[in-house]
Amino acid sequence: MRIGVRRTGGFAGIERYAEVDTSGRPDASEWQALAEEAVAAGRGTPPIGVPDGFSYQITVDGKTVYCADPRLTEAQSKLISQVLTEGA
Amino acid sequence: MTQCDIAAMKATHPVFCTIVPPHVLDKLAQADDPALAGPARRTLEADAAQRTHRRLTTVLGAPPAAPPADAAGDKPHRTLYDAQHRQELPGVKVRGEGDEPGQDATVNRAYAGLGATFDLLLKAFGRRSVDGNGLPLVASVHYGENYGNAFWDGRQMVFGDGDEIFRDFTLPVDVIAHELAHGLTQYTANFTYFGQPGALNESVSDVFGSLVKQYVNDQTAEQADWLIGAGLLAERVTGVALRSMKAPGTAYDDDVLGKDPQPATMADYVRTGRDNGGVHINSGIPNRAFYLLATALGGKAWEGAGQIWYDTLTGGGLQVDASFTDFARATVAAAHARFGDGEEQEALLKAWSQVGVPTG
């Protein structure tokens with residue numbers, strides 16, 4: 001499973017992108033469960049953003065959903081943080 | 001036949017309906033071919049305007065938070081919350097108005113920053129809080145984990161502690177004031193947060209952010225550094241701040257962060273679908289116009305240039321989708337109304353001309 005996170009906007013207006021390929025990872029099933037939960041709560045179009053707020057685009061195996069601060073679900077928040085920290 | 005089909009038949013240019021995914025529109029809006037980029041951009045702008053309008057209607061339609069009974073009207077009413085590294089707002093209340101400073105320097109800085117912004121609005125412009133009606137000021141600090149951002153959510157300010165690139169967002173007072181100024185814009189000109197009106201929204205926040213910093217430090221336009229977010233970049237980052245109003249595009253140039261993308265004039269205007277249509281990028285153009293005016297007039301920037309910007313923002317003469325040109329023309333009218341045909345008028349026309357925004 002390939003999980004990509006694109007973060008745009010923010011006070012600095014600087015974009016970040018990272019992705020994680022879970023195949024072969026010992027924790028692949030945890031990633032998969034988290035990604036599925038995050039995507040299920042995402043939207044097909046970018047939600048209403050707030051001034052200086054981050055916007056996110058989560059892509060899991062080709063399917064893209066959108067979400068934005070400050071209204072992330074716990075799974076979205078965790079997944080975004082993990083991908084941006086551990087991904088390349 | 002849908003309304004979109006009818007619109008497409010009537011329109012001279014093709015109309016993209018909302019069935020086209022926004023990320024495709026983003027891509028199209030960046031296309032070199034204006035036949036592709038133009039309509040995509042218009043659709044994105046209309047969509048963003050609609051969404052922002054819906055949100056702001058929701059926010060502004062809500063009953064206003066009641067000011068405390070003992071509010072004299074010329075005193076701020078601040079409440080600070082600690083989000084405790086979670087992403088739920090507002091968090092736990094840690095300091096109310098008039099409470100003594102506690103152990104948490106972040107809370108104390110935010111409290112002082114809100115106070116300084118309230119003070120400038122009142123003393124320089126006679127405005128009681130961001131809504132002109134004593135609106136209580138609410139901020140949450142320690143938001144999220146490893147969170148390198150600050151934002152205005154339509155009701156309150158939110159500050160993260162930073163990440164590997166940025167330090168605590170309450171460190172620069174201009175960043176605190178920038179967020180609060182988004183509230184000022186929301187209650188006045190209410191510029192749509194996309195494209196040129198979005199860049200105006202951002203620029204107004206930088207202008208008032210910088211003015212608050214200059215007010216706190218009692219600096220003249222010549223003494224000010226005109227930087228936004230000085231002291232915010234982590235030590236490993238090569239740069240002085242996040243933005244420079246004096247020299248847009250020169251604030252940082254770093255291996256990880258890249259180079260400051262801000263243009264200083266319309267000739268270098270950046271067309272993009274990202275960052276809400278480049279709101280934090282093209283704000284460099286009106287930012288520099290303000291800097292040029294303030295330094296041409298000299299003295300305390302909030303007295304001349306700041307007054308003209310404040311009059312423009314609060315004058316009611318601008319649409320929510322105002323362009324740079326609309327804004328520039330409104331500043332000229334505001335300067336005329338306030339100062340007549342004096343040096344302000346001349347310096348203002350020159351400033352806009354230098355950044356390539358027409359006023360005629």
Side-chain angles (χ1 to χ4, degrees), chain A residues 3-20 34 37-39 41-88, chain B residues 18 21-23 26 47-48 51-52 54-55 58 86-89 140 143-154 157-158 160 163-166 169 175 178-179 181-183 185-186 193-194 198 201-202 205 228-229 232-233 242-243 252 257-258 261-262 274-276 278-281 283:
Chain A
I3 308 165
V5 170
R6 187 179 300 283
R7 189 184 77 188
T8 67
F11 189 94
I14 296 167
E15 185 167 311
R16 274 196 65 189
Y17 179 79
E19 66 175 44
V20 167
L34 184 62
E37 198 183 339
V39 166
R43 298 165 47 122
T45 54
I48 298 156
V50 300
D52 293 326
F54 283 137
S55 295
Y56 307 93
Q57 189 180 316
I58 303 172
T59 304
V60 177
D61 286 342
K63 180 184 159 81
T64 298
V65 297
Y66 302 85
C67 50
D69 281 347
R71 280 173 281 276
L72 302 182
T73 65
E74 210 161 307
Q76 286 168 346
S77 165
K78 194 172 168 195
L79 181 76
I80 288 163
S81 163
Q82 279 185 204
V83 172
L84 291 181
T85 309
E86 297 181 35
Chain B
T18 47
H23 63 274
D26 277 358
D47 186 45
R51 284 186 284 120
T52 306
R54 270 203 299 273
R55 179 176 66 78
T58 310
R86 298 170 62 84
Q87 298 200 0
E88 281 158 32
L89 292 171
S140 297
Y143 181 79
E145 274 179 62
N146 204 32
Y147 195 85
N149 200 23
F151 60 90
W152 166 260
D153 84 341
M157 283 143 285
V158 183
D163 53 17
E164 65 280 4
I165 303 285
F166 301 113
F169 272 73
V175 172
H178 173 110
E179 294 313 326
H182 278 305
T185 297
Q186 179 181 309
Y193 205 63
F194 192 90
N201 194 322
E202 270 305 312
S205 272
I228 300 297
L232 186 62
L233 297 174
L242 268 182
R243 291 186 277 278
Y252 58 86
L257 217 49
Q262 285 211 312
R274 292 184 177 162
D275 181 32
N276 291 298
V279 295
H280 294 91
I281 298 173
S283 53

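The chains referred to below are lettered A, B, ... by the order of the sequence lines, with proteins before strands, and numbering in each begins at 1.
Note: B:Leu89 CG to A:Arg71 CZ = 9.5 Å, rounded to the nearest 0.5 Å.
Between A:Ala12 and B:Leu242, the shortest heavy-atom contact is CB-CD2, 3.6 Å. The two residues B:Phe151 and A:Gly53 have their closest heavy-atom pair at CB-N, 3.7 Å.
Using a 4.5 Å cut-off between heavy atoms, B:Glu145 makes no contact with chain A at all. In this structure, the portion of B:Ile228 lying under 4.5 Å from any heavy atom of chain A is its side chain and not its backbone. For A:Ser77, the part lying near chain B is the side chain, with the backbone staying farther off; criterion is any non-hydrogen pair under 4.5 Å. For A:Leu84, no part lies under 4.5 angstrom from a heavy atom of chain B. Both the backbone and the side chain of B:Val175 come within contact range of chain A, judged by heavy atoms closer than 4.5 Å.
Evaluation of the salt bridge (charged side-chain N to carboxylate O under 4.0 Å, His left out) rule for A:Glu37 yields no partner, not counting sequence neighbours. In terms of the side-chain contact (heavy atoms from CB on, under 4.5 Å) criterion, residue partners of B:Pro261 (sequence neighbours excluded) are, by chain and number, B:Tyr252, B:Ile281.
Note: A:Phe11 and B:His280 have tilted aromatic rings, judged against thresholds of 30 and 60 degrees for the angle between ring planes.
The side-chain heavy atoms of B:Phe169 and A:Asp52, taken from C-beta on, include no pair separated by under 4.5 Å. The shortest distance between side-chain heavy atoms of A:Gln76 and B:Gln87 does not fall below 4.5 Å.
When only modelled atom types and interatomic distance are considered, A:Asp69 and B:Tyr147 share a side-chain donor-acceptor pair under 3.5 Å.
Residue A:Glu86 qualifies as enclosed at atom CD: its count of foreign heavy atoms under 6.0 Å is above 12.
The candidate from B:Ala150, B:Gly144, B:Gly148 with the greatest count of non-hydrogen atom pairs under 4.5 Å with chain A is B:Ala150. Of the residues considered (B:Arg86, B:Glu202, B:His178, B:Glu88), B:His178 shows the highest number of contacts with chain A, using heavy-atom pairs under 4.5 Å.
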